[in-house]
Q: 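Below is one structure. I have some questions about it.
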Amino acid sequence: MWRPVLIAAAVVVTIVAVVFGFQRKLVYFPSPGPLPSAEEVLPGGRDVRLVTADGLMLDGWHFEVRDAPATVIVFPGNGGNREGRVPIARALTDRGLSVLLFDYRGYGGNPGQPSEEGLTYDARAALDLIDGPVIYLGESLGAAVAVELATHRPPAGLVLRSPFTSLAAVGSHHYPWLPVKMLLKDQYPVLERVSTVDVPTTVILGTADSVVPPAQSREVATAAKARLIEVAGADHNDDVLASGSQVIDAVLSVR
């Protein structure tokens with residue numbers, strides 16, 4: 001009588017144990033290196049090296065524009081590497097802003113394994129490279145990284161593209177049958193943190209986002225007292241959200 005129940009319980013426990021052990025494989029999807037030089041992807045680009053507080057050396061690209069009013073630090077989402085962010089760097093430099101692209105630990109051939117604590121170190125190392133006014137541009141998971149950095153050192157402006165309220169909230173949306181909040185090692189409490197940040201902020205979302213529910217991005221915008229831009233029909237990884245004109249205009253006007 002109890003045998004089917006015990007078998008079902010054992011299956012559930014096994015699934016939960018596997019998810020707990022491999023959860024960061026379900027959160028972070030790095031693309032490896034090697035990558036070309038900054039000069040090869042955009043003329044005038046410069047290869048830079050970030051040194052983190054825990055002793056890692058990470059690679060990045062700095063695209064400096066003469067007399068730029070600010071530098072945009074791009075905080076990537078959980079997939080790919082900085083080569084995939086070249087279109088937004090090109091668009092921003094064409095509009096007169098300097099740009100720093102970098103990869104987190106474990107991405108783009110960098111050493112280390114990604115985690116919330118580790119990405120916090122990586123973000124601060126990126127900021128240490130820049131003198132003068134800075135704009136933070138965070139995409140999805142990168143929005144969470146940018147918000148944490150803003151609590152440490154507020155930027156001149158903050159642009160959050162497709163932000164979630166917390167990693168647990170977006171995880172529960174996709175895996176409602178798992179006790180996600182109990183299992184997560186990395187939390188990224190964006191909603192809690194952004195409410196303490198007092199800088200000009202813009203939130204951009206796609207109304208057809210299948211990864212981060214638009215309702216979560218709207219919550220972040222409300223908590224941040226941010227300007228909200230909704231791109232009709234756009235999904236999470238569409239080019240219009242990665243480097244479209246509305247994103248570029250939002251960065252230019254956020255200060």
Side-chain angles (χ1 to χ4, degrees), residues 7-33 35 52 54 56 58 74-85 101-123 126 137-149 160-194 204-206 208-220 234-239 241-242:
I7 291 174
V11 170
V12 170
V13 169
T14 300
I15 292 172
V16 169
V18 169
V19 170
F20 180 79
F22 291 92
Q23 62 180 269
R24 285 184 172 137
K25 298 291 186 183
L26 302 174
V27 174
Y28 306 101
F29 302 97
S31 294
L35 298 179
T52 69
D54 58 342
L56 294 183
L58 310 179
V74 179
F75 298 91
N78 67 335
N81 58 43
R82 66 187 182 278
E83 191 168 20
R85 279 79 188 182
L101 298 183
F102 74 102
D103 281 315
Y104 306 126
R105 60 190 62 206
Y107 288 74
N110 282 333
Q113 297 297 322
S115 67
E116 182 175 7
E117 181 181 33
L119 269 57
T120 296
Y121 291 143
D122 301 346
L137 170 58
E139 57 176 54
S140 194
L141 181 79
V145 178
V147 166
E148 195 287 327
L149 186 62
L160 307 176
R161 198 272 280 176
S162 307
F164 48 71
T165 55
S166 69
L167 189 60
V170 76
S172 295
H173 173 79
H174 290 287
Y175 305 101
W177 47 276
L178 279 174
V180 174
K181 190 170 184 178
M182 292 175 58
L183 293 174
L184 276 179
K185 298 175 182 176
D186 298 336
Q187 299 293 323
Y188 295 105
V190 176
L191 198 64
E192 174 187 327
R193 287 173 174 161
V194 80
I204 305 169
L205 63 86
D209 197 319
S210 59
V211 177
V212 175
Q216 291 195 23
S217 295
R218 294 186 187 107
E219 283 189 68
V220 172
D235 201 353
H236 193 77
N237 293 312
D238 287 352
D239 288 344
L241 289 181

Q: Is E192 atom CD crowded by more than 12 heavy atoms from other residues, nucleotides or ligands, each under 6.0 Å away?
A: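 No, because the 6.0 Å sphere around CD of E192 holds 12 heavy atoms or fewer from other groups.
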Q: Give the minimum heavy-atom separation between D235 and A208, together with the two atoms involved.
A: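 Of all heavy-atom pairs spanning D235 and A208, the closest is OD1-O, 3.1 Å.
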Q: Does the side chain of P111 come within less than 4.5 Å of L58's, by heavy atoms?
A: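 Yes - at least one pair of side-chain heavy atoms lies under 4.5 Å apart.
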Q: When you look at V220 and F164, which way does the side-chain contact (heavy atoms from CB on, under 4.5 Å) test go after all the steps?
A: CA-CA 7 Å; V220 172; F164 48 71; over 6 Å; no
Q: Tell me, with the steps shown, if S115 and D186 meet side chain to side chain donor-acceptor pair (under 3.5 Å).
A: CA-CA 7 Å; S115 67; D186 298 336; 5.1 Å; no
Q: What verdict does the side chain to side chain donor-acceptor pair (under 3.5 Å) test give for T165 and Q216, after you've listed the backbone C-alpha separation in whole Å, the side-chain angles of each residue and the deciding distance to 0.1 Å?
A: CA-CA 6 Å; T165 55; Q216 291 195 23; 3.2 Å; yes
Q: If you measure from OG1 on T52 to OH on Y121, what distance do you get to the nearest 0.5 Å?
A: 8.5 Å
Q: Identify the two heavy atoms, one from P214 and one from G206, that lie closest to each other, and give their separation to 0.1 Å.
A: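 It is CG-O, 3.5 Å.
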Q: Tell me the closest heavy-atom pair linking Y107 and D103, and the distance in Å.
A: O-CB, 3.5 Å
Q: Determine, stepwise, if the pair V145 / T120 fulfils side-chain contact (heavy atoms from CB on, under 4.5 Å).
A: CA-CA 7 Å; V145 178; T120 296; over 6 Å; no
Q: Closer than 4.0 angstrom, basic N to acidic O: yes or no for R105 and D54?
A: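 Salt bridge flag = yes for D54 with R105.
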Q: Which atom names give the shortest non-hydrogen contact between G112 and L56, and what distance separates them?
A: CA-CD1, 4.1 Å
Q: Check whether any side-chain heavy atom of L160 sits under 4.5 Å from a side-chain heavy atom of V194, and report yes or no.
A: yes
Q: Could you grab the distance from atom CG of L184 to atom CG of L178, nearest 0.5 Å is fine?
A: 10.0 Å
Q: Decide, yes or no, whether a salt bridge links R193 with E116 under the criterion of side-chain N to carboxylate O below 4.0 Å.
A: yes
Q: Just so I know, are the side chains of D209 and H236 near enough to count as touching, which here means a heavy-atom distance under 4.5 Å?
A: yes
Q: Find out whether L241 and S162 are in side-chain contact, i.e. whether some heavy atom of one side chain is under 4.5 Å from a heavy atom of the other.
A: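 Yes, their side chains come closer than 4.5 Å.
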Q: Atom CZ of F102 and atom CZ of R85: how far apart are they, to the nearest 0.5 Å?
A: 10.5 Å
Q: Evaluate the side-chain proximity of V190 to V147: yes if any heavy-atom separation is below 4.5 Å, no if none is.
A: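 Result yes, sub-4.5 Å side-chain heavy-atom pair found.
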Q: Evaluate the side-chain proximity of V180 to L183: yes if any heavy-atom separation is below 4.5 Å, no if none is.
A: no
Q: For a side-chain contact (heavy atoms from CB on, under 4.5 Å) with N81, tell me which candidate from L35, L101, N110 qualifies.
A: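 Single side-chain contact (heavy atoms from CB on, under 4.5 Å) partner of N81 among L35, L101, N110: L35.
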Q: Does the side-chain contact (heavy atoms from CB on, under 4.5 Å) test come out yes or no for S166 and L191, once each step is laid out?
A: CA-CA 7 Å; S166 69; L191 198 64; over 6 Å; no
Q: For a quick test of reading the model, state the closest non-hydrogen atom pair linking L141 to N78 and the distance between them.
A: CD2-CB, 3.8 Å
Q: A side-chain contact here means heavy atoms from C-beta on lying under 4.5 Å apart; do F75 and L119 qualify?
A: no
Q: Which value, rounded to the nearest 0.5 Å, describes the distance between S210 atom OG and H173 atom NE2?
A: 8.5 Å
Q: Do you know which two heavy atoms are closest between L149 and A123, and how far apart they sit?
A: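 The answer is CD2-O, 3.9 Å.
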Q: Within the distance-only criterion (no hydrogens, no angle test), does the side chain of E139 pair as donor or acceptor with the backbone N or O of P76 below 3.5 angstrom?
A: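 Side chain of E139 to backbone of P76, a donor-acceptor pair under 3.5 Å: no, none is there.
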